[in-house]
Protein chains: 2
Amino acid sequence: MDDEIAVVKEDVIESMERSAEVYGLSRSAGRVYGVLYFADDPVSIPELVEETGYAKSTISNITRKLTRIGMIHRRSSEGGGRRVRFAPETDLWFVIQDVFTQYVDREMEMTQRTLQQALDDLAERDIDAVEQDRERIAELADTYEQLQTLLSVAMDNSAEDVIAAIEQSDLD
Amino acid sequence: MDDEIAVVKEDVIESMERSAEVYGLSRSAGRVYGVLYFADDPVSIPELVEETGYAKSTISNITRKLTRIGMIHRRSSEGGGRRVRFAPETDLWFVIQDVFTQYVDREMEMTQRTLQQALDDLAERDIDAVEQDRERIAELADTYEQLQTLLSVAMDNSAEDVIAAIEQSDLD
DNA sequence: TTGTTTGTTCGGCTCGTATCGAACAAACGA
DNA sequence: TCGTTTGTTCGATACGAGCCGAACAAACAA
């Protein structure tokens with residue numbers, strides 16, 4: 001009876017474990033997210049321990065990491081005791097935007113700063129001797145700027161809007 | 001003299017090491033790419049050993065990995081002996097497209113298959129008992145389909161075209 | 001053929017990370 | 001107040017990844 005349903009959910013959760021791995025998270029993180037995703041209400045740490053079989057400390061670490069990247073949320077302060085409860089962020093586009101803004105955008109900013117500094121350093125020197133190197137660094141900076149432009153547009157809009165904008169053009 | 005230039009290049013290469021880490025590669029991979037990026041001609045494995053200080057076996061593994069994901073290319077068959085030489089792929093957008101197509105697109109296809117299978121399984125059962133679970137899985141499938149659409153448009157066009165399409169709309 | 005150069009594979013070492021259980025801290029209920 | 005529940009932090013262990021040197025394989029030169 002319910003068993004069949006449980007099997008189907010288990011399949012989906014296992015799929016989430018695989019996905020988590022692809023995106024640089026642990027399988028355990030995928031499972032925790034999966035349990036939250038199918039839960040009717042926010043889930044406490046003891047309940048996650050019960051449902052996943054992981055140790056309390058492990059769940060504590062996983063929930064912290066997932067909370068930090070915005071994949072789950074702490075639903076603190078609520079009827080019951082001081083139990084912390086977690087709910088999943090179901091808008092995956094939002095999660096992606098968050099992660100890219102936190103890490104990729106950051107990395108691009110740092111890289112751009114390094115490249116500009118390098119160009120400044122080379123600018124003070126004999127042109128011919130460094131021209132080829134200067135050109136290469138400049139190209140890299142251009143490429144990065146282009147990627148940054150692309151990324152910031154994607155990060156500042158809903159997935160629907162981006163799709164709509166592209167489809168209304170002649171790209172597809 | 002040349003030293004100053006070497007320092008600037010070293011800064012840029014170290015930046016590439018950091019970037020490589022953010023994107024799930026090893027620092028050593030970033031360095032190898034950096035050396036190739038500044039080289040005037042394709043570089044052999046012994047030369048990479050010389051320039052990076054890494055062991056021959058390490059360079060062998062790194063070049064294989066970078067070649068697989070399309071960040072560098074084997075320039076085999078060439079004037080000299082049987083030495084294999086490597087050149088960098090400088091079109092980073094092309095690299096990104098490759099990686100996303102190889103891994104993310106693949107993961108999304110697999111997930112979609114799992115989700116559809118789950119929906120089929122639930123379809124045979126009593127509607128009311130599984131309606132909420134079915135709805136959740138369906139939403140996940142929808143989200144994934146949307147992300148796939150977005151991704152495939154981005155992966156099938158040049159960065160310039162995608163940027164142009166978006167800017168010609170009213171998104172920015 | 002035989003020695004040399006080049007590249008891959010293998011075994012081992014190190015280090016980081018995931019995980020556990022236990023100790024600790026904080027908040028709640030009695 | 002004191003015990004109980006909840007959550008975090010702290011070593012300890014285990015497993016995987018990066019890296020190395022050595023053994024091996026393959027191609028070239030003499």
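Naming: A, B, ... by sequence-line order, numbering from 1 per chain.
Checking the phosphate oxygens (OP1, OP2) of C:dT9, a side-chain nitrogen or oxygen of B:R64 falls inside 4.0 Å. Residue B:S60 has a polar side-chain atom (N or O) positioned under 4.0 Å from OP1 or OP2 of C:dT8. Phosphate contact (OP1/OP2 of D:dC20, side-chain N/O of B:T58, threshold under 4.0 Å): present.
Remark: P of D:dG18 and CD1 of B:I62 are 9 Å apart, rounded to the nearest angstrom. Rounded to whole angstrom, the span from the CZ atom of B:R85 across to the P atom of C:dT6 amounts to 9 Å. Between A:N61 atom CG and D:dG7 atom P there is a gap of 14 Å when expressed in whole angstrom units. Computed from coordinates, the B:K56 NZ to D:dA23 C1' distance equals 10 Å when rounded to whole Å.
Backbone-only contact: B:G53 has heavy atoms under 4.0 Å from sugar-phosphate atoms and none from a base. In this structure, A:R74 reaches the sugar-phosphate backbone alone: every heavy-atom distance under 4.0 Å involves primed, P, OP1 or OP2 atoms, never a base. Counting non-hydrogen atoms under 4.0 angstrom, B:S44 reaches nothing in the nucleic acid.
In summary, A:R68 and A:D98 do not engage in a salt bridge, as defined by a charged side-chain N under 4.0 Å from a carboxylate O. Here A:E21 does not pair with A:R18 in a salt bridge; the nearest charged N to carboxylate O distance is not below 4.0 Å. Ion pairing of B:E10 with B:R31 is present here, as a side-chain N (NZ or NE/NH1/NH2) and a carboxylate O approach within less than 4.0 Å.
What you find for B:R136 and A:A39 is that their closest heavy atoms are NH2-O, 3.3 Å.
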